[in-house]
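First the proteins, then the strands, lettered A, B, ... as listed; each starts at 1. Quick caveat: nothing in here was measured; it's all calculated off a predicted structure.
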Amino acid sequence: MITLTVDGRTVEAKNGEMILSVLRREGIHVPTLCHMDGLPPSGACRMCVVEVEGSPTLTPSCSFPVSEGMKIKTATPRVLEARRTIVKLLLANHPDDCLYCNSNGHCDLQKLAQDLGIRERVYRGPRRVQEMDMSSPAIVRDPGKCILCGRCVRMCEEIQSVAAIDFIGRGSRAKIGTAFDGGLNVSSCVNCGQCINVCPTGALSERCYIDEVIQALNDPEKMVVVQHAPSVSVSLAEEFGLPAGKDVDGQMVAALRRLGFDRVFDTSFSADLTIMEEGSELVHRVKTGGTLPMMTSCSPGWIKFIETFYPQLLPNVSTCKSPQQMLGALIKSFFAEREGVDPANIVSVSIMPCTAKKFECARPEMARNHVPDVDYVLTTRELGRLLHQFGVDVNALEPSPADTPFGERSSAGKIFGATGGVMEAAIRSAHYLITGKELDDLKIQPLRGLKGCKELHIEIDGLKLGAAVVSGLGNARKLLDEVVAGRNDLQFIEIMTCPGGCINGGGQPKNVDPEAVQARLKALYKIDRDAPLRTSHSNPWIQRLYKEYLGEPLGEKSHHLLHTHYTMRNIPMAQG
Amino acid sequence: MVTADIDNILNRHSGAGRDHLIPILQEVQEAEGYISPRAVAKIAEFLNLPASKIYGVATFYNQFRFHPKGRFHFMVCRGTACHVKGSQKVLDELTKQLKLEPGQTSRDRLFSLEVVACMGACGLAPVVSVNGEFYAKVTPRKLMEIIQECRQKEVVDV
């Protein structure tokens with residue numbers, strides 16, 4: 001431990017720690033634009049400068065380690081003026097269209113200009129006309145709003161190991177783009193949307209389908225149904241200024257009804273269904289010598305990742321559709337038949353924490369007779385915006401339950417929203433399928449928490465099961481390399497595209513601190529702890545669905561509706 | 001064949017790491033005249049680097065071009081002396097006449113345009129070179145003649 005002085009106060013710090021982390025711990029908010037928690041500092045934006053006694057120049061606090069007796073001043077006129085100048089320069093060629101910007105109110109740059117009291121455009125730089133990239137079904141890039149902080153590039157390369165985008169050119173002509181500046185749709189982009197979550201401005205956003213949904217809601221010919229993903233109910237509250245981790249499940253269902261949806265279903269129901277299918281597939285593979293380790297298929301970003309970068313491992317991926325697509329398929333088959341509605345007259349909307357789901361629902365194999373199983377995907381953020389547009393205050397509504405027949409879920413399906421949740425739910429049911437008995441303790445601690453890689457080796461009735469859980473595609477790549485190199489002690493691998501799983505998905509509320517993600521995680525665990533129904537196989541509606549319609553897991557109907565296939569993506573630009 | 005050229009270059013660098021990226025790019029441009037998407041894909045596979053990174057590095061340097069050169073390759077000097085003598089006007093006129101931005105090549109592959117910092121012929125400012133042949137004290141009027149000359153050459157050759 002060393003001691004130093006910050007703004008006249010004595011403060012303790014660890015040796016080698018960066019000034020910035022000490023200041024944050026002390027409750028001093030130093031603005032940053034390029035800084036990313038958990039990655040080495042890049043020191044590019046210079047917003048975090050402070051005065052260090054004895055140093056002739058200002059010091060970037062993100063990349064300068066503390067030392068014994070150091071005297072730091074964090075808000076001298078010189079420091080503030082430097083920060084103001086940086087923001088003024090960033091604004092010099094920025095389009096002044098905050099009122100029309102999708103990031104209005106969520107923008108770091110806007111907030112900095114406000115906090116630092118910038119009241120006029122001081123510098124005027126020539127503005128380059130730059131085309132928006134609308135090529136992707138999930139992500140929209142508007143380079144005109146980009147301030148070149150590089151956070152999206154680092155997220156894409158260093159955390160997700162996708163590297164679809166990088167800096168192009170130099171100096172005043174520098175910009176961010178894909179190889180040969182082509183569209184995101186022809187790049188190795190997996191649509192995970194993590195770049196959106198770290199973008200300080202409105203340069204990156206999701207492809208918005210709010211207007212299409214409003215149109216459908218007002219079409220008397222259409223029956224509009226909606227499903228909501230497990231992690232949305234624990235993050236939507238943040239869009240209404242409520243604390244992170246508040247579960248608004250019932251209110252959200254009520255709010256969706258207020259919007260005019262004819263039926264509200266819970267994707268956690270089809271998560272239970274996924275467990276039945278995927279669990280049976282795993283047992284089948286283990287017993288018949290199928291390709292192992294089996295890998296989960298719920299996360300569409302991960303699916304595009306493996307199709308692009310590790311096509312040789314595609315036989316390892318479970319053939320199960322994701323919960324969204326399973327429910328989508330059931331809505332336009334079983335449900336349509338039951339209601340006597342033409343599937344073409346059903347508009348199926350899903351609320352997801354995810355941008356890749358927008359890509360997934362548009363995959364050609366996710367449609368039957370040219371009718372897509374899911375028509376529109378809205379992110380948590382978009383749902384927030386839609387509710388604000390309609391003047392629906394989630395907080396003021398009485399909770400109400402989701403509709404039958406896809407409304408009841410077990411909490412095993414609910415914890416799909418966190419990394420490790422699929423595995424935990426699968427082991428609960430696998431134990432039952434193999435032994436006929438429930439696990440003594442349904443909580444499987446080694447699979448919990450936000451760690452990027454978790455492993456569990458257990459024995460169920462003599463059957464050895466090696467399970468690994470990874471989240472974040474960079475972590476996935478490391479594990480896949482081990483599998484390619486011949487590692488064979490694993491039978492089942494859960495992979496989530498986003499670090500921490502869906503609770504930290506690319507469609508979740510923006511500009512949140514890591515504690516918010518932790519709070520969402522805790523909320524899911526709490527729901528599981530208090531739930532009366534905690535295993536997928538004991539969900540009575542799942543049992544009924546098999547009895548009345550599907551037959552048995554992996555049966556013919558299941559095969560037709562709930563399973564899919566994958567395609568190798570020959571993207572010549574993709575190399576990791 | 002074009003691909004064989006790239007393969008030969010990569011073979012010469014066998015076992016190389018990412019620090020060989022720029023020499024490889026230079027050799028590829030030397031052999032093919034430009035850096036093609038195909039070449040980037042091959043280099044990406046060879047060095048195990050993302051294509052976006054290779055494109056990013058290559059665009060950082062002025063020396064790399066991403067379109068094949070035209071039959072008549074125009075280089076406009078934008079060095080200090082040429083600038084003082086009005087090379088911006090020359091460049092503007094040329095972009096207008098050829099309907100090309102610097103770095104581009106016309107669809108019929110007849111013309112390509114490049115901006116360079118100095119050609120070492122400051123006494124002749126403003127200078128334009130076509131396929132290595134220098135034109136001194138270029139004016140917009142003179143440019144029209146040069147372009148006309150090129151088009152005629154093309155007709156004669158055909």
Side-chain angles (χ1 to χ4, degrees), chain A residues 126 128-131 133 141 143 146 148 150 152-190 195 305 308-311 473-474 477 480-481 484 569-576, chain B residues 2-3 6-7 10 13 16-18 20-22 24-25 28-29 32-68 76 78 83 88 91-92 95 101-105 113-117:
Chain A
R128 269 188 302 157
V129 181
Q130 299 192 72
E131 276 174 27
D133 180 1
R141 287 199 325 116
C146 177
L148 300 172
C152 53
V153 173
R154 298 192 75 191
M155 177 53 84
C156 197
E157 185 182 345
E158 293 173 44
I159 295 183
Q160 297 295 56
S161 79
V162 170
I165 46 174
D166 207 331
F167 285 94
I168 296 176
R170 174 174 48 151
S172 65
R173 284 199 193 84
K175 61 176 170 180
I176 303 229
T178 61
F180 286 88
D181 210 10
L184 277 176
N185 62 335
V186 292
S187 75
S188 58
C189 171
V190 300
C195 54
F305 180 83
T308 307
F309 296 99
Y310 292 88
L473 292 173
R477 187 183 279 278
L480 293 180
D481 284 340
V484 170
R569 285 178 193 273
N570 212 346
I571 299 175
M573 294 293 142
Q575 272 302 313
Chain B
V2 167
T3 328
I6 301 177
D7 286 337
L10 295 180
H13 289 267
R18 57 196 293 168
H20 280 240
L21 174 57
I22 290 175
I24 290 174
L25 285 170
V28 167
Q29 173 147 308
E32 296 199 295
Y34 74 113
I35 309 287
S36 64
R38 223 188 138 105
V40 168
K42 276 192 161 273
I43 299 168
E45 200 178 335
F46 180 73
L47 291 178
N48 199 21
L49 279 175
S52 60
K53 180 120 298 195
I54 294 176
Y55 186 68
V57 169
T59 51
F60 185 87
Y61 298 99
N62 273 336
Q63 58 176 296
F64 297 115
R65 42 184 300 117
F66 303 93
H67 299 282
V76 179
R78 289 287 289 125
H83 175 74
Q88 182 67 57
L91 179 61
D92 289 346
T95 16
E101 290 297 319
Q104 288 182 338
T105 302
L113 177 58
E114 188 180 339
V115 167
V116 293

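No more than 12 heavy atoms of other residues, nucleotides or ligands lie within 6.0 Å of NE2 in His83(B), so this atom counts as exposed by the packing criterion. A 6.0 Å sphere centred on CD of Gln63(B) holds more than 12 heavy atoms belonging to other residues, nucleotides or ligands.
Contact detail for Ser52(B) and Ala164(A): the closest heavy-atom pair is CB-O, 3.5 Å. For the pair Phe66(B) and Phe180(A), the tightest heavy-atom approach, listed with the atom from each and the gap, is CD2-CE2, 3.8 Å.
Asn62(B) is listed as a side-chain neighbour of Arg170(A), based on a closest heavy-atom distance under 4.5 Å.
Residue contact with chain B, scored on non-hydrogen atoms closer than 4.5 Å, involves the backbone of Ile165(A) exclusively.
To the nearest 0.5 angstrom, Thr178(A) atom OG1 is 8.5 Å from Tyr55(B) atom OH.
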